[in-house]
Amino acid sequence: WLEHAAMCSSLPNTMALLDELRAFRPDVVYAWNLVGIGGAALVDLLDTTGMPWVWHLMDRAPADIAASVTDGNGGLFGQGLRALRSGTMISMSRHLVDEIEYLADEAFPTPVEIIPGWADAGDALQRLLQVLGRALQRQRFGAAVDQRDLHDVDQRGIGLADLDLADVGG
């Protein structure tokens, strides 16, 4: 039971995230270290609300979460890395992506952006902001957005009013 709460679903943590989404209504949710707090359910909540989200991978958490799923709690939690298809993934290294895919025995459903943790702080921050912006644009305009369209969106900006938050209440 404790492993299920840690890896798959912890109702208090899921409800806390829902409350924060309703109160704060962020443009993009930036997540990391989802092991130990019911990470699979948190990802599902973000997907259900349609909220754009980015998971910054600093360890093999997706593989560990997927490995904790038993036959008795399949469904959402049995999707493996496919459950991450609506989010944007950032990794510390290509080696980490390869390790996660090897352990999960499947590839990530979308390309993973590599932002090394040892990169120059200014360059890494700029790349992180670009990835967060693309995650928001992908949610707003769909996955097949042309680069010219992204430039136009950057010039206009995207605000909270552009997002449909009906699923998170308010």
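In this chain, numbering begins with 1 at the start of the sequence shown.
No donor-acceptor pair under 3.5 Å is formed between the side chain of N13 and the backbone N or O of G38.
Going from atom CG of L132 over to atom NE2 of H56 covers 10.0 Å, rounded to the nearest 0.5 Å. Distance check: D64 CG to L34 CG gives 12.0 Å after rounding to the nearest 0.5 Å. Once rounded to the nearest 0.5 Å, the distance linking OG of S9 with CG of D44 reads 9.0 Å. Rounded to the nearest 0.5 Å, atoms OG (S91) and CD1 (I114) are 4.5 Å apart. Distance check: T110 OG1 to R85 CZ gives 10.5 Å after rounding to the nearest 0.5 Å.
Residue D19 places its CG atom among more than 12 non-hydrogen atoms of other residues, nucleotides or ligands, all under 6.0 Å distant.
R94 has a carboxylate O that lies under 4.0 Å from a charged side-chain N of E101, or vice versa, which qualifies the two as a salt bridge.
The closest side-chain heavy-atom distance from T88 to W53 is not below 4.5 Å. Considering only heavy atoms from C-beta on, W55 stays 4.5 Å or farther from I90 through its side chain.
L96 and L57 make their closest contact through CD2-O, 3.5 Å (heavy atoms, listed as atom of the first residue, atom of the second, distance). When all heavy atoms of M51 and L21 are compared, the pair lying nearest together is CE-CD2, 4.1 Å. Smallest separation of non-hydrogen atoms from D59 and N33: OD2-OD1, 4.3 Å. When all heavy atoms are compared, the tightest approach of V112 to V97 is CG1-CG2, 3.6 Å. Heavy-atom minimum distance, A40 versus I65: CB-CG2, 4.0 Å. Closest approach of L45 and T14 over heavy atoms only: CD2-O, 3.5 Å.
Y102 and F108 are not part of a single hydrophobic cluster, where members link through side-chain heavy atoms under 4.5 Å apart. Both V29 and M15 are members of a single hydrophobic cluster when ILVMFWY side chains are connected at heavy-atom separations under 4.5 Å.
Considering I100, L103, V43 as possible partners of P62, the one that fulfils the side chain to side chain contact (heavy atoms under 4.5 Å, CB included) test is I100.
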